[in-house]
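Here's the structure we're looking at; comments come further down.
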Amino acid sequence: MADQLIRATAADGGIRAVGVITTRLTEEARQRHKLSYVATAALGRGMSAGLLMASSMKRPGSRVNVRVKGDGPLGGILVDAGLDGTVRGYVANPFVELPPNEKGKLDVGRAVGNGYLYVVRDIGYGYPYSSTVELVSGEIGDDVAHYLVTSEQTPSALVLGVFVGASGVMASGGLLVQVLPKAARDEALVETLESRMSSLSGFTPLLQAGKTLPEIFNDLLGDMGLSIFPERQMLRFHCGCSFDRVLGALKILGEEELQDMIIKDDGAEAICEFCGEVYQASSNHLAQLIVDLQTESSVSG
């Protein structure tokens with residue numbers, strides 16, 4: 001099943017639901033970063049959460065940055081997700097592995113540990129909106145739901161899952177259900193929704209059982225006036241890094257540092273943290289940067 005995002009509403013527009021399947025893009029991240037099982041689960045959940053959060057933004061080009069910084073051995077997670085359906089991310093210590101937790105599942109909570117969740121929403125103009133909350137479990141889903149309730153005052157339930165087998169990521173995705181202000185005063189509706197979300201055994205078991213996103217929506221909200229939007233947005237792992245950007249970053253180092261790289265290393269190597277792409281700049285490339293800097297200096301002088 002292709003990676004995709006589907007939106008729906010229920011209760012006369014009082015409930016907003018968004019579901020994502022992120023199996024392929026999570027597998028791509030696993031391969032790019034050579035992630036362990038628990039690191040794959042942590043980053044996969046983070047990328048699904050980022051895409052779900054970005055889906056509520058309106059302006060083209062809008063993006064959400066989600067940073068999880070805990071004291072566990074994973075060291076932290078950084079995800080960048082866009083309204084356009086692109087996402088990228090990495091973990092600080094990709095090779096960390098831990099035994100399963102008491103439920104027999106990958107122990108993302110212990111890998112992340114205690115710490116903070118940082119969210120930055122960039123709508124493409126003005127100052128980005130940023131907020132910080134304490135982690136409540138380190139399991140990512142609980143933490144993002146806590147952020148949505150405390151920082152954005154939107155009652156939210158979030159289910160995320162990643163199933164990793166010996167051959168790679170078998171299933172990954174998530175479901176976000178929010179009660180909007182027009183329905184938030186209906187306590188019975190909120191309680192019913194909370195009960196149904198908490199009864200879910202997880203998200204990846206549904207995918208592995210062959211359930212589609214519309215079927216999952218229908219099981220959860222079918223008796224609440226469910227309306228599924230016909231558009232399916234395709235999702236993909238994408239990083240905007242390039243060799244030109246790498247050269248631009250190297251140029252900032254200045255003539256002296258560039259000359260030192262030529263003498264000592266005969267060039268420079270740069271690795272993009274987000275996607276793992278390796279860029280090699282030869283001594284000729286660095287020499288041209290020095291020429292460019294000298295030209296710019298003489299023109300400005």
| task | Supply the atom-to-atom distance Glu256 CD to Leu293 CG, rounded to the nearest 0.5 angstrom. | result | 12.5 Å
| task | Could you tell me which non-hydrogen atom of Arg88 sits nearest to which non-hydrogen atom of Phe237, and how far apart they are? | result | CA-CE1, 3.8 Å
| task | Any chance you could measure Arg232, atom CZ, to Ile21, atom CD1, to the nearest 0.5 Å? | result | 8.0 Å
| Donor-acceptor contact below 3.5 Å, side chain Asp143 vs main chain Leu135 | no
| For the student: nearest non-hydrogen atoms of Phe203 and Ile216, plus distance | CE1-CD1, 4.0 Å
| Side-chain donor-acceptor pair under 3.5 Å between Asp292 and Gln288, yes or no? | yes
| message | Can you confirm whether the side chains of Asp266 and Ser283 place a donor and an acceptor under 3.5 Å from each other? | response | yes
| Does the side chain of Ser56 reach to within under 4.5 Å of the side chain of Arg16, using non-hydrogen atoms? | yes
| field | Closest heavy-atom pair and its distance - Leu98, Asp107 | value | CD1-O, 3.9 Å
| Minimum heavy-atom separation for Ser55 to Arg7, with atom names? | O-NH2, 3.3 Å
| message | Under a 3.5 Å threshold, yes or no: a donor from one side chain and an acceptor from the other, between Ser282 and Asn284? | response | no
| query | Is there a donor-acceptor pair closer than 3.5 Å between any side-chain N or O of Lys105 and the backbone N or O of Pro100? | reply | no
| query | Run the side-chain hydrogen bond (donor to acceptor under 3.5 Å, both in side chains) check on Thr86 and Arg63 step by step: do they pass? | reply | CA-CA 9 Å; Thr86 61; Arg63 302 196 71 82; 3.2 Å; yes
| field | Side chain Asp3, main chain Arg236, donor-acceptor under 3.5 Å | value | no
| Roughly how far apart are Ile228 CD1 and Asn218 CG, rounded to 0.5 Å? | 6.5 Å
| Would you say the side chains of Gln31 and Glu27 form a donor-acceptor pair under 3.5 Å? | yes
| query | Does NZ or CZ of Arg121 lie under 6.0 Å from the centre of the six-membered ring of Tyr129, at an angle within 45° of the ring axis? | reply | no
| query | Would you say Met170 has more than 12 foreign heavy atoms packed within less than 6.0 Å of its CE? | reply | no
| request: Scan side-chain atoms only and decide if Glu97 and Tyr37 contain a donor-acceptor pair under the 3.5 Å cut-off. | output: no
| said: Tell me whether Thr154 contacts the main-chain N or O of Glu152 through its side chain, where contact means a donor paired with an acceptor under 3.5 Å. | reply: yes
| message | For Met57 versus Ser62, what's the shortest heavy-atom pair and its separation? | response | CE-CB, 3.5 Å
| Okay, side chain of Thr22, backbone of Leu25: is any donor-acceptor separation there less than 3.5 Å? | no
| field | For the student: nearest non-hydrogen atoms of Gly19 and Phe217, plus distance | value | N-CZ, 3.4 Å
| message | Is it true that Thr23 and Ser172 share a donor-acceptor pair across their side chains at a distance under 3.5 Å? | response | no
| message | Does Asp12, at its CG atom, have more than 12 non-hydrogen atoms belonging to other residues, nucleotides or ligands within less than 6.0 Å? | response | no
| said: Distance check, rounded to the nearest 0.5 Å: Tyr147 atom OH versus Thr132 atom OG1? | reply: 9.5 Å
| said: So does Gly138 get a backbone contact from the side chain of Asp142, meaning a donor-acceptor N/O pair under 3.5 Å? | reply: no
| Mind checking whether Tyr90 and Arg32 have side chains closer than 4.5 Å, heavy atoms only? | no
| field | Test item: Arg45 side-chain N/O and Glu139 main-chain N/O as donor-acceptor pair under 3.5 Å | value | yes
| note | Separation between CD (Gln178) and CG (Leu52), nearest 0.5 Å, reads 9.0 Å
| From Leu206 CG over to Thr204 OG1, what is the distance, rounded to the nearest 0.5 angstrom? | 8.0 Å
| Do the side chain of Asn101 and the main chain of Gly104 share a donor and acceptor less than 3.5 angstrom apart? | yes
